[in-house]
Amino acid sequence: PDSLLFRPDTMAAAAAVNVSIRAIPATRQLRRTAARGSTVSRRASHVVRVVAAASPRRVLIVNTNGGGHANIGFWLAKTLSGQGHTVTICTVGTHDDKKMAKPPFCYFNELTSAGVKTVWANPGELASLAGDARFDVVVDNNGKDLDSVGPVVDFAVKAGATQFLFVSSAGMYVPTATPPHLEGDAVKESAGHAKVEAMLRALPGMSASFFRPQYFTGYGNNKDCEEYFFDRLVRGRPVCVPGSGDQLSVVAHAEDVAAMMAAAVGCDAAAGQAFNAVTNKAVTLNGMVQLCAAAAGVAPSIVNYDPASIEGVDVKKAFPFRPIHFYTYPAKALAVLDWAPKHDLASDLAERFAFYKASGRADAPMTFDSDDKIMAQVGR
């Protein structure tokens, strides 16, 4: 049945919604440039109130079927549909994959009720499934290297797209002694995401923009972030934090990331630009514990330790954040896209804790072997 879903007559326009209009230059004639350089929705309804930034486009989102990035595609589809664009979201894999029972995929009824078309296909199948389907904008929120993004680019060209948005990664920045990372900072050229960005910059006839997310949270999230802290706090356990705990990081709401990307649709100034897809306030690692404790209504207990002195524990697996300063700042989006985040981390974590409690995870049996090894070696 999926082979029929790209037919032009199945791509109905999004349902009419109320939108506010602000004056932002946008044209259908996209060009490459070399410029240098919504209201918070709550869990009760998660209705997106948006600002229209471009005339209606036909947008295809190729969305990953795993990891935290899937929630970016979910929120982007919801946001673009709310702005009046015609949106198709193609999730990698098949509709009967067991992953589809988890967030954000189990919330796709919210997309279809808003007029979003939901389909499933692997990137290599897109070109053969397309038929006469046409899209103005293609978003790749799945690929990490040339092999996985290449088929999506081929499809975008075949479908007549003139704009390509690529969800890259802030993880490719070279570590710095002077955080935060800005968009012009050095990246690891060998990284798959960096190679994709370079390929897209050189692609003729296509306006490309790149979005580099870091850590994020929010409704629909399916990758442990705040849950790591909640699991320990609700059970009265200390939270083991590598290093001093003063390391800077950043946690954004997926809706804010989606709003940033939506602001680039039809925006000439976004062509050829990379954007740090993050919020504008940092949080320390110890601060993350404290905010999660406040959301859970408990007093935090933190054990800071030197990861180099711990034997038998892989710190990369024992803690959900990098144990160094890993802090990017959205300077380019603030300057170029007339964008600003609407969410704040404390409120987001309170909402996420309510979801955590309702899920039953707070009462589920758990073991904390790595924590126990760490605390034994630091004398706790």
Side-chain angles (χ1 to χ4, degrees), residues 2-3 5-8 10-11 30 32 57-77 80 85-95 97 99 104-105 111 116-169 172 191-213 257-258 261-262 264-266 270-275 277:
D2 293 343
S3 62
L5 296 176
F6 282 98
R7 286 172 46 190
T10 66
M11 296 190 294
L30 299 176
R32 185 175 303 277
R57 261 72 168 173
R58 297 163 296 179
V59 183
L60 172 67
I61 302 168
V62 179
N63 203 38
T64 181
N65 65 358
H69 279 208
N71 205 27
I72 296 176
F74 169 74
W75 275 106
L76 181 59
L80 289 173
H85 300 287
T86 299
V87 183
T88 299
I89 184 168
C90 177
T91 302
V92 172
T94 60
H95 70 279
D97 190 305
K99 295 177 183 178
F105 312 107
L111 300 182
V116 175
K117 193 74 178 177
T118 56
V119 302
W120 283 260
N122 292 317
E125 300 169 331
L126 290 174
S128 61
L129 292 178
D132 295 327
R134 307 292 287 177
F135 293 97
D136 303 303
V137 183
V138 172
V139 181
D140 191 319
N141 184 39
N142 173 68
K144 299 180 179 180
D145 52 35
L146 294 173
D147 289 341
S148 54
V149 177
V152 183
V153 174
D154 292 342
F155 170 77
V157 172
K158 180 178 180 179
T162 54
Q163 187 174 22
F164 197 99
L165 307 184
F166 174 58
V167 180
S168 186
S169 174
M172 66 180 178
H193 291 99
K195 292 179 179 179
V196 171
E197 288 190 13
M199 178 269 290
L200 290 171
R201 289 181 193 277
L203 191 66
M206 186 77 71
S207 167
S209 302
F210 322 105
F211 296 84
R212 300 170 177 173
V257 174
M261 295 182 65
V265 171
Q273 300 289 346
F275 299 93

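Position 1 is the first residue of the sequence; numbering continues from there.
With sequence neighbours excluded, the residues that form a side chain to side chain contact (heavy atoms under 4.5 Å, CB included) with A277 are F211, P213, V257, M260. For S168, the side-chain hydrogen bond (donor to acceptor under 3.5 Å, both in side chains) test picks out E197, with sequence neighbours left out.
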Problem - side-chain contact (heavy atoms from CB on, under 4.5 Å) between M206 and V153, intermediate numbers included - result: CA-CA 10 Å; M206 186 77 71; V153 174; 5.5 Å; no
Exercise for the section: Output, in order, the C-alpha distance, side-chain angles, deciding distance and verdict of side-chain contact (heavy atoms from CB on, under 4.5 Å) for V119 and I89. Expected result: CA-CA 6 Å; V119 302; I89 184 168; over 6 Å; no
Exercise for the section: Check the pair R57, L80 against side-chain contact (heavy atoms from CB on, under 4.5 Å), reporting the backbone distance first and the verdict last. Expected result: CA-CA 9 Å; R57 261 72 168 173; L80 289 173; over 6 Å; no
Exercise for the section: Would you check, one step at a time, whether the test side-chain contact (heavy atoms from CB on, under 4.5 Å) holds for T91 with K99? Expected result: CA-CA 11 Å; T91 302; K99 295 177 183 178; over 6 Å; no
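In terms of modelled atom types and a separation under 3.5 Å, the side chain of N122 and the main chain of G124 share no donor-acceptor contact. The backbone N or O of H69 lies less than 3.5 Å from a partner atom in the side chain of N141, making a donor-acceptor pair. For the pair R134 (side chain) and K158 (backbone), a donor-acceptor distance under 3.5 Å is present. Side-chain N or O atoms of S209 include one that pairs as donor or acceptor with a backbone N or O of A270 at under 3.5 Å. The main-chain N or O of G266 is found under 3.5 Å from a side-chain atom of Q163 such that the two form a donor-acceptor pair.
Interatomic distance, K195 NZ to D147 CG, rounded to the nearest 0.5 Å: 10.0 Å. Between the CG atom of N65 and the CG atom of N142 there is a distance of 7.0 Å, given to the nearest 0.5 Å. For the atom pair I61 CD1 and F135 CZ, the distance stands at 10.5 Å (nearest 0.5 Å). With values rounded to the nearest 0.5 angstrom, F164 atom CZ is found 4.5 Å from D140 atom CG.
Between L126 and V152, some side-chain heavy-atom pair lies under the 4.5 Å cut-off. Counting only heavy atoms from C-beta outward, the side chains of H193 and F210 never approach each other to under 4.5 Å. Residues L165 and V265 have side chains in contact (heavy-atom distance under 4.5 Å, counting atoms from C-beta outward). For the pair T88 and V59, the minimum side-chain heavy-atom distance is 4.5 Å or more.
What you find for N71 and P104 is that their closest heavy atoms are OD1-CB, 3.6 Å. Contact between G143 and V149 at its shortest, heavy atoms only, is CA-CG2, 3.7 Å. For the residue pair S148 and K144, the shortest heavy atom distance occurs at OG-N, 3.1 Å. For the residue pair W120 and G93, the shortest heavy atom distance occurs at CB-O, 3.4 Å. Summarising the geometry of S169 relative to R212, their closest heavy-atom pair is C-CB, 3.7 Å, with the distance given to 0.1 Å. Minimum interatomic distance between A77 and V116 (heavy atoms only, all atoms of both residues): O-CG2, 3.8 Å.
Side-chain polar atoms of D97 and T94 form no donor-acceptor pair below 3.5 angstrom.
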